[in-house]
There are 2 protein chains.
Amino acid sequence: MNMNKNLKKAGLKATLPRLRVMELFLNEAGTHFTAEDVYKRFLTEGDEIGLATIYRVLTQFEHAGLLQRHHFETGKAVFELNEGNHHDHLVCIECGKVEEFLDEGIEKRQKEIAAERGFAVQDHALYIYVDCLRENCPNRAAKLSHTKPL
Amino acid sequence: MNMNKNLKKAGLKATLPRLRVMELFLNEAGTHFTAEDVYKRFLTEGDEIGLATIYRVLTQFEHAGLLQRHHFETGKAVFELNEGNHHDHLVCIECGKVEEFLDEGIEKRQKEIAAERGFAVQDHALYIYVDCLRENCPNRAAKLSHTKPL
DNA sequence: AAACCATTTAATAATCATTATAAATTAATT
DNA sequence: AATTAATTTATAATGATTATTAAATGGTTT
(Lines give C-alpha, C1' and ligand atoms only; values in the text may rest on other atoms or scores of the structure.)
Protein backbone atom coordinates (compact mmCIF):
# COMPACT_ATOMS: atom_id res chain seq x y z
CA MET A 1 0.00 0.00 0.00
CA ASN A 2 0.79 3.67 -0.34
CA MET A 3 1.94 4.12 3.22
CA ASN A 4 4.55 1.42 3.17
CA LYS A 5 5.94 2.81 -0.03
CA ASN A 6 6.28 6.28 1.45
CA LEU A 7 8.18 4.91 4.40
CA LYS A 8 10.40 2.71 2.28
CA LYS A 9 11.37 5.58 0.09
CA ALA A 10 12.35 7.53 3.17
CA GLY A 11 14.47 4.61 4.37
CA LEU A 12 12.22 4.04 7.36
CA LYS A 13 10.98 0.70 8.57
CA ALA A 14 7.25 0.15 8.63
CA THR A 15 6.68 0.05 12.37
CA LEU A 16 3.40 0.36 14.17
CA PRO A 17 3.97 3.91 15.44
CA ARG A 18 4.97 5.13 12.02
CA LEU A 19 2.06 3.47 10.29
CA ARG A 20 -0.36 4.89 12.83
CA VAL A 21 1.02 8.38 12.46
CA MET A 22 1.03 8.23 8.69
CA GLU A 23 -2.49 6.86 8.68
CA LEU A 24 -3.73 9.64 10.94
CA PHE A 25 -2.29 12.40 8.78
CA LEU A 26 -3.56 10.79 5.60
CA ASN A 27 -7.05 10.30 7.01
CA GLU A 28 -7.19 13.83 8.26
CA ALA A 29 -5.37 15.73 5.59
CA GLY A 30 -5.51 19.45 6.18
CA THR A 31 -5.64 19.13 9.95
CA HIS A 32 -2.88 20.55 12.12
CA PHE A 33 -1.72 18.39 15.01
CA THR A 34 0.72 19.02 17.80
CA ALA A 35 2.82 16.09 19.00
CA GLU A 36 0.59 15.88 22.01
CA ASP A 37 -2.57 15.92 19.92
CA VAL A 38 -1.28 12.85 18.15
CA TYR A 39 -0.22 11.22 21.39
CA LYS A 40 -3.61 11.74 23.01
CA ARG A 41 -5.48 10.64 19.94
CA PHE A 42 -3.73 7.29 20.04
CA LEU A 43 -4.33 6.94 23.75
CA THR A 44 -8.08 7.31 23.31
CA GLU A 45 -7.87 4.74 20.53
CA GLY A 46 -6.12 2.31 22.81
CA ASP A 47 -2.62 2.58 21.36
CA GLU A 48 -0.02 3.41 23.99
CA ILE A 49 2.70 5.00 21.90
CA GLY A 50 5.24 7.02 23.85
CA LEU A 51 5.30 10.76 23.43
CA ALA A 52 9.02 10.67 22.67
CA THR A 53 8.33 8.25 19.86
CA ILE A 54 5.71 10.57 18.44
CA TYR A 55 8.17 13.43 18.45
CA ARG A 56 10.82 11.33 16.77
CA VAL A 57 8.48 10.03 14.10
CA LEU A 58 7.09 13.47 13.36
CA THR A 59 10.58 14.86 12.91
CA GLN A 60 11.59 11.96 10.70
CA PHE A 61 8.52 12.42 8.56
CA GLU A 62 9.26 16.09 8.31
CA HIS A 63 12.78 15.39 7.11
CA ALA A 64 11.42 12.84 4.68
CA GLY A 65 9.13 15.52 3.28
CA LEU A 66 5.99 13.68 4.32
CA LEU A 67 4.90 16.28 6.84
CA GLN A 68 5.33 19.98 7.28
CA ARG A 69 6.08 21.64 10.57
CA HIS A 70 4.81 25.09 11.47
CA HIS A 71 5.44 27.36 14.40
CA PHE A 72 2.47 29.52 15.15
CA GLU A 73 2.62 31.75 18.20
CA THR A 74 1.24 29.08 20.44
CA GLY A 75 4.56 27.89 21.74
CA LYS A 76 4.14 24.42 20.33
CA ALA A 77 4.90 23.11 16.88
CA VAL A 78 2.08 21.81 14.66
CA PHE A 79 2.32 19.33 11.84
CA GLU A 80 0.24 18.75 8.76
CA LEU A 81 0.41 16.42 5.78
CA ASN A 82 2.74 17.71 3.10
CA GLU A 83 0.70 17.59 -0.05
CA GLY A 84 3.27 19.48 -2.00
CA ASN A 85 1.14 22.55 -2.22
CA HIS A 86 2.84 25.41 -0.47
CA HIS A 87 0.44 27.68 1.35
CA ASP A 88 0.29 30.20 4.17
CA HIS A 89 -1.96 30.28 7.21
CA LEU A 90 -4.71 32.24 8.84
CA VAL A 91 -4.76 31.37 12.53
CA CYS A 92 -7.62 32.36 14.83
CA ILE A 93 -6.19 33.63 18.10
CA GLU A 94 -9.47 32.93 19.85
CA CYS A 95 -10.12 29.32 18.99
CA GLY A 96 -7.01 28.06 17.23
CA LYS A 97 -8.82 27.37 13.97
CA VAL A 98 -6.45 27.32 11.02
CA GLU A 99 -7.27 28.12 7.41
CA GLU A 100 -4.91 27.94 4.52
CA PHE A 101 -4.44 30.28 1.60
CA LEU A 102 -2.08 31.05 -1.20
CA ASP A 103 -1.66 34.37 -2.90
CA GLU A 104 0.54 34.51 -5.94
CA GLY A 105 0.99 38.23 -5.62
CA ILE A 106 2.41 37.91 -2.14
CA GLU A 107 4.61 35.00 -3.14
CA LYS A 108 6.07 36.91 -6.03
CA ARG A 109 6.60 40.07 -4.03
CA GLN A 110 8.54 38.16 -1.40
CA LYS A 111 11.00 36.87 -3.93
CA GLU A 112 11.45 40.34 -5.33
CA ILE A 113 12.07 41.81 -1.91
CA ALA A 114 14.73 39.26 -1.09
CA ALA A 115 16.33 39.59 -4.52
CA GLU A 116 16.45 43.38 -4.26
CA ARG A 117 18.61 42.93 -1.18
CA GLY A 118 20.85 40.26 -2.65
CA PHE A 119 19.40 37.38 -0.67
CA ALA A 120 18.36 33.94 -1.83
CA VAL A 121 14.98 32.89 -0.43
CA GLN A 122 15.13 29.54 1.32
CA ASP A 123 11.74 29.49 2.88
CA HIS A 124 9.16 31.74 4.38
CA ALA A 125 6.41 31.76 6.93
CA LEU A 126 3.42 34.03 6.75
CA TYR A 127 0.92 33.74 9.54
CA ILE A 128 -2.04 36.06 9.68
CA TYR A 129 -3.50 36.07 13.16
CA VAL A 130 -7.18 36.74 13.07
CA ASP A 131 -10.34 36.62 15.11
CA CYS A 132 -12.74 34.27 13.41
CA LEU A 133 -15.60 36.06 15.19
CA ARG A 134 -17.42 32.82 15.88
CA GLU A 135 -19.33 33.14 19.13
CA ASN A 136 -19.55 29.39 19.43
CA CYS A 137 -15.84 28.67 19.32
CA PRO A 138 -15.28 25.17 20.63
CA ASN A 139 -12.32 26.35 22.64
CA ARG A 140 -12.79 30.03 23.11
CA ALA A 141 -11.73 29.47 26.69
CA ALA A 142 -8.47 27.71 25.91
CA LYS A 143 -6.96 30.74 24.26
CA LEU A 144 -3.72 30.86 22.43
CA SER A 145 -0.94 33.36 22.64
CA HIS A 146 -0.56 34.73 26.12
CA THR A 147 2.68 36.31 25.02
CA LYS A 148 1.86 38.14 21.83
CA PRO A 149 -0.01 41.41 22.22
CA LEU A 150 -2.82 42.14 19.83
CA MET B 1 14.69 62.16 30.72
CA ASN B 2 12.94 60.25 28.03
CA MET B 3 13.41 56.86 29.63
CA ASN B 4 11.85 57.72 32.95
CA LYS B 5 8.89 59.19 31.19
CA ASN B 6 8.34 56.05 29.15
CA LEU B 7 8.37 53.94 32.28
CA LYS B 8 6.11 56.31 34.19
CA LYS B 9 3.56 56.28 31.45
CA ALA B 10 3.56 52.50 31.60
CA GLY B 11 3.02 52.59 35.34
CA LEU B 12 6.43 51.06 36.00
CA LYS B 13 8.91 52.20 38.61
CA ALA B 14 12.27 53.36 37.37
CA THR B 15 14.43 50.55 38.68
CA LEU B 16 17.95 49.72 37.67
CA PRO B 17 17.06 46.65 35.61
CA ARG B 18 14.40 48.50 33.71
CA LEU B 19 16.57 51.50 33.03
CA ARG B 20 19.40 49.27 31.83
CA VAL B 21 17.14 47.34 29.51
CA MET B 22 15.52 50.47 28.12
CA GLU B 23 18.92 52.07 27.62
CA LEU B 24 20.24 49.05 25.78
CA PHE B 25 17.36 48.93 23.33
CA LEU B 26 17.47 52.68 22.77
CA ASN B 27 21.20 52.67 22.16
CA GLU B 28 20.96 49.79 19.79
CA ALA B 29 17.73 50.45 18.02
CA GLY B 30 17.12 47.99 15.23
CA THR B 31 18.96 45.16 16.94
CA HIS B 32 17.17 41.97 17.91
CA PHE B 33 17.99 40.52 21.31
CA THR B 34 16.94 37.33 23.03
CA ALA B 35 16.41 37.44 26.77
CA GLU B 36 19.70 35.69 27.17
CA ASP B 37 21.51 38.12 24.89
CA VAL B 38 20.42 40.90 27.20
CA TYR B 39 21.35 38.93 30.28
CA LYS B 40 24.84 38.17 29.02
CA ARG B 41 25.42 41.68 27.80
CA PHE B 42 24.80 42.99 31.31
CA LEU B 43 27.04 40.35 32.81
CA THR B 44 29.97 41.42 30.67
CA GLU B 45 29.27 45.00 31.68
CA GLY B 46 29.39 44.05 35.34
CA ASP B 47 25.67 44.20 36.11
CA GLU B 48 24.35 40.99 37.65
CA ILE B 49 20.68 41.18 36.75
CA GLY B 50 18.80 37.91 37.08
CA LEU B 51 17.60 36.19 33.94
CA ALA B 52 14.10 35.95 35.36
CA THR B 53 14.10 39.70 35.85
CA ILE B 54 15.14 40.23 32.27
CA TYR B 55 12.29 38.04 31.10
CA ARG B 56 9.83 39.89 33.28
CA VAL B 57 11.01 43.31 32.20
CA LEU B 58 10.99 42.37 28.54
CA THR B 59 7.44 41.14 28.84
CA GLN B 60 6.36 44.26 30.70
CA PHE B 61 7.95 46.47 28.09
CA GLU B 62 6.27 44.51 25.39
CA HIS B 63 2.88 44.98 27.03
CA ALA B 64 3.64 48.67 27.48
CA GLY B 65 4.30 48.89 23.76
CA LEU B 66 7.95 49.83 24.24
CA LEU B 67 9.29 46.65 22.69
CA GLN B 68 8.14 44.18 20.10
CA ARG B 69 8.50 40.44 20.43
CA HIS B 70 9.07 38.14 17.47
CA HIS B 71 9.25 34.41 17.10
CA PHE B 72 11.60 33.37 14.36
CA GLU B 73 12.21 29.67 13.86
CA THR B 74 15.07 29.63 16.29
CA GLY B 75 13.03 28.43 19.24
CA LYS B 76 13.66 31.54 21.29
CA ALA B 77 11.87 34.85 21.26
CA VAL B 78 13.68 38.00 20.16
CA PHE B 79 12.89 41.58 21.10
CA GLU B 80 13.49 44.88 19.41
CA LEU B 81 12.66 48.50 20.14
CA ASN B 82 9.14 49.41 19.08
CA GLU B 83 9.55 52.51 16.99
CA GLY B 84 5.96 52.43 15.89
CA ASN B 85 6.85 51.42 12.39
CA HIS B 86 5.41 48.02 11.63
CA HIS B 87 7.64 45.92 9.47
CA ASP B 88 8.37 42.35 8.48
CA HIS B 89 11.64 40.45 8.60
CA LEU B 90 14.20 38.79 6.40
CA VAL B 91 16.17 36.33 8.51
CA CYS B 92 19.37 34.70 7.31
CA ILE B 93 19.34 31.04 8.20
CA GLU B 94 23.10 30.88 7.94
CA CYS B 95 24.23 33.69 10.16
CA GLY B 96 21.13 34.96 11.94
CA LYS B 97 21.33 38.41 10.39
CA VAL B 98 17.97 40.18 10.38
CA GLU B 99 16.82 42.84 7.98
CA GLU B 100 13.53 44.66 8.05
CA PHE B 101 11.20 45.59 5.27
CA LEU B 102 7.70 46.79 4.64
CA ASP B 103 5.70 46.23 1.52
CA GLU B 104 2.40 48.03 1.23
CA GLY B 105 1.18 45.63 -1.41
CA ILE B 106 1.65 42.65 0.85
CA GLU B 107 0.09 44.45 3.82
CA LYS B 108 -2.97 45.35 1.81
CA ARG B 109 -3.35 41.91 0.30
CA GLN B 110 -3.27 40.31 3.73
CA LYS B 111 -6.18 42.39 4.91
CA GLU B 112 -8.12 41.52 1.80
CA ILE B 113 -7.46 37.82 2.22
CA ALA B 114 -8.69 37.85 5.80
CA ALA B 115 -11.70 39.98 4.94
CA GLU B 116 -12.70 37.71 2.05
CA ARG B 117 -12.99 34.91 4.59
CA GLY B 118 -14.87 36.93 7.19
CA PHE B 119 -11.97 37.29 9.60
CA ALA B 120 -10.74 40.34 11.43
CA VAL B 121 -6.96 40.68 11.27
CA GLN B 122 -5.41 41.05 14.70
CA ASP B 123 -1.79 40.73 13.77
CA HIS B 124 0.50 39.00 11.39
CA ALA B 125 4.01 37.67 11.12
CA LEU B 126 5.87 37.37 7.87
CA TYR B 127 9.35 35.96 8.05
CA ILE B 128 11.31 35.37 4.89
CA TYR B 129 14.14 32.96 5.57
CA VAL B 130 17.05 33.63 3.29
CA ASP B 131 20.70 32.91 2.73
CA CYS B 132 22.56 36.18 2.84
CA LEU B 133 25.32 34.52 0.77
CA ARG B 134 28.05 36.20 2.79
CA GLU B 135 31.05 33.91 2.95
CA ASN B 136 32.38 35.78 5.93
CA CYS B 137 29.36 35.26 8.16
CA PRO B 138 30.41 35.95 11.73
CA ASN B 139 28.50 32.97 12.95
CA ARG B 140 28.14 30.73 10.00
CA ALA B 141 28.95 27.88 12.38
CA ALA B 142 26.30 28.62 14.97
CA LYS B 143 23.47 27.96 12.59
CA LEU B 144 19.84 28.58 13.21
CA SER B 145 16.89 26.39 12.53
CA HIS B 146 17.77 22.74 12.95
CA THR B 147 14.09 21.93 12.82
CA LYS B 148 12.84 23.68 9.74
CA PRO B 149 13.65 22.02 6.45
CA LEU B 150 14.79 24.23 3.62
C1' DA C 1 10.83 -20.64 9.98
C1' DA C 2 14.80 -19.82 13.34
C1' DA C 3 18.58 -16.83 13.78
C1' DC C 4 20.83 -12.53 13.04
C1' DC C 5 21.56 -7.72 13.28
C1' DA C 6 20.63 -3.13 12.66
C1' DT C 7 16.83 -0.21 13.59
C1' DT C 8 13.41 1.31 16.57
C1' DT C 9 10.71 1.71 20.65
C1' DA C 10 9.77 2.58 25.54
C1' DA C 11 10.78 4.54 29.59
C1' DT C 12 13.10 7.56 31.46
C1' DA C 13 16.11 11.44 32.35
C1' DA C 14 17.98 15.62 30.58
C1' DT C 15 17.70 20.08 28.44
C1' DC C 16 16.14 24.55 27.00
C1' DA C 17 13.27 28.46 27.23
C1' DT C 18 10.29 30.47 30.10
C1' DT C 19 7.20 31.34 34.18
C1' DA C 20 5.89 31.04 39.09
C1' DT C 21 6.97 31.50 44.07
C1' DA C 22 8.41 33.39 48.22
C1' DA C 23 11.60 36.04 50.83
C1' DA C 24 14.49 40.15 50.74
C1' DT C 25 15.11 44.74 48.77
C1' DT C 26 14.00 49.15 46.93
C1' DA C 27 11.38 53.14 44.80
C1' DA C 28 8.03 56.51 45.45
C1' DT C 29 5.19 58.74 48.89
C1' DT C 30 3.97 60.50 53.52
C1' DA D 1 13.27 59.06 57.70
C1' DA D 2 9.29 55.76 57.82
C1' DT D 3 5.78 53.30 55.33
C1' DT D 4 4.06 50.56 51.87
C1' DA D 5 3.46 48.57 47.72
C1' DA D 6 6.16 47.32 43.83
C1' DT D 7 10.22 44.92 42.45
C1' DT D 8 14.18 42.02 42.39
C1' DT D 9 16.58 37.90 43.57
C1' DA D 10 17.23 33.30 43.98
C1' DT D 11 15.36 29.27 43.20
C1' DA D 12 12.03 25.95 41.99
C1' DA D 13 8.61 24.62 38.68
C1' DT D 14 6.75 24.06 34.16
C1' DG D 15 6.09 22.80 29.35
C1' DA D 16 7.93 21.43 25.06
C1' DT D 17 11.26 18.86 23.15
C1' DT D 18 15.55 15.97 22.77
C1' DA D 19 18.94 12.50 24.45
C1' DT D 20 19.96 7.96 26.50
C1' DT D 21 20.01 3.20 27.10
C1' DA D 22 18.23 -1.22 27.56
C1' DA D 23 14.65 -4.07 25.56
C1' DA D 24 11.93 -5.26 21.53
C1' DT D 25 11.05 -5.60 16.63
C1' DG D 26 11.45 -5.53 11.33
C1' DG D 27 13.73 -7.15 7.45
C1' DT D 28 16.88 -10.27 5.78
C1' DT D 29 19.57 -14.44 5.58
C1' DT D 30 20.34 -19.17 6.25
Side-chain angles (χ1 to χ4, degrees), chain A residues 1 3-22 32-40 42-43 46-64 67 69-79 96 142-148, chain B residues 1 3-22 32-40 42-43 47-64 67 69-79 142-148:
Chain A
M1 44 226 9
M3 277 185 264
N4 273 331
K5 228 179 270 173
N6 282 342
L7 294 179
K8 271 277 168 58
K9 191 156 37 171
L12 298 170
K13 286 183 181 170
T15 66
L16 183 84
R18 302 218 258 237
L19 289 171
R20 279 276 184 288
V21 171
M22 198 69 238
H32 296 74
F33 294 97
T34 64
E36 205 161 347
D37 290 341
V38 175
Y39 175 72
K40 282 183 186 158
F42 291 153
L43 271 189
D47 287 316
E48 284 251 10
I49 299 173
L51 184 54
T53 300
I54 305 287
Y55 271 107
R56 194 165 1 84
V57 170
L58 290 174
T59 301
Q60 289 168 334
F61 282 7
E62 183 201 10
H63 289 144
L67 297 181
R69 181 195 302 247
H70 303 288
H71 291 93
F72 302 149
E73 305 253 332
T74 56
K76 46 182 78 172
V78 297
F79 296 82
K143 287 195 188 174
L144 302 171
S145 183
H146 35 268
T147 57
K148 186 93 183 184
Chain B
M1 39 211 34
M3 275 185 266
N4 272 330
K5 228 179 267 172
N6 281 343
L7 295 177
K8 272 276 169 57
K9 192 154 40 171
L12 298 170
K13 284 183 185 171
T15 66
L16 182 83
R18 300 217 258 237
L19 289 172
R20 278 275 183 288
V21 171
M22 199 67 238
H32 296 75
F33 294 98
T34 65
E36 206 160 348
D37 290 340
V38 176
Y39 174 70
K40 283 182 185 157
F42 291 154
L43 271 190
D47 288 316
E48 283 251 12
I49 299 173
L51 184 54
T53 300
I54 304 287
Y55 270 106
R56 195 165 0 85
V57 170
L58 290 174
T59 301
Q60 289 168 333
F61 281 7
E62 183 201 9
H63 289 144
L67 298 180
R69 180 193 304 245
H70 304 289
H71 292 91
F72 302 147
E73 304 253 331
T74 58
K76 47 181 79 173
V78 297
F79 296 82
K143 288 195 188 174
L144 302 172
S145 182
H146 36 267
T147 56
K148 185 93 185 187

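Lettering of chains follows the sequences in order, A, B, ..., and the numbering in each one begins at 1. Keep in mind that the numbers below use all heavy atoms, side chains included, and drop hydrogens, waters and symmetry copies.
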A/T34: side chain to side chain donor-acceptor pair (under 3.5 Å) partners, not counting sequence neighbours | A/D37
B/F33 CZ to C/dA17 P, in whole Å, measures 17 Å
Nucleotide D/dT17, atom C1' - distance to CD of B/E73 in whole Å | 15 Å
Name all residues meeting the salt bridge (charged side-chain N to carboxylate O under 4.0 Å, His left out) criterion together with A/K13; count only those two or more places apart in sequence or in a different chain, and write none if there are none.
-> none
Could you grab the distance from atom NZ of A/K40 to atom CG of A/L51, nearest 0.5 Å is fine?
-> 9.5 Å
Under 4.0 angstrom, heavy atoms only, what part of the nucleic acid is A/R18 near: base, sugar-phosphate, or nothing?
-> sugar-phosphate
Nearest-Å distance for atom pair OH/C1', residues A/Y55 and D/dG15 = 8 Å
Might you list the N or O atoms of the protein lying below 3.5 Å from N or O atoms in nucleotides 25-30 of chain D, with each pair's distance?
none

For B/A77 and for B/R56, find the nucleotide of DNA chain C with the closest heavy atom, then tell me which residue's nucleotide is more 5'.
-> B/A77
Sequence neighbours excluded, the answer for salt bridge (charged side-chain N to carboxylate O under 4.0 Å, His left out) partners of B/R20 is B/E23, B/D47
Say you draw a straight line from CZ of A/R18 to CG of A/L12; how long is it, rounded to the nearest 0.5 Å?
-> 4.5 Å
Would you please name every residue forming a ring pair (Phe, Tyr, Trp, His ring centres under 6.0 Å) with A/F42, sequence neighbours left out?
-> none
Ring pair (Phe, Tyr, Trp, His ring centres under 6.0 Å) filter on A/F33, not counting sequence neighbours, yields A/F25
Starting from the 5' end of DNA chain C, give me the residue, B/A52 or B/K76, whose nearest nucleotide shows up first.
-> B/K76
Separation of B/E48 atom CD from C/dT25 atom P, in whole Å?
-> 16 Å
B/L58 CG - C/dT18 C1' separation (whole Å) | 12 Å
note: B/I54, atom CD1; C/dA17, atom P; distance rounded to Å ~ 15 Å
Starting at the 5' end of DNA chain D, which residue's closest nucleotide do you reach first, A/G75 or B/G50?
-> B/G50
Considering only side-chain heavy atoms of B/L51, which listed nucleotide, D/dT7, C/dA10, C/dT18, is closest?
-> C/dT18
Rounded to the nearest angstrom, tell me the gap between atom CG in B/L7 and atom C1' in C/dT26.
-> 15 Å
Ignoring the backbone of A/I49, work out which of C/dA17, C/dA10, C/dT19 is nearest its side chain.
-> C/dA10
Separation of B/F42 atom CZ from D/dT9 atom P, in whole Å?
-> 11 Å
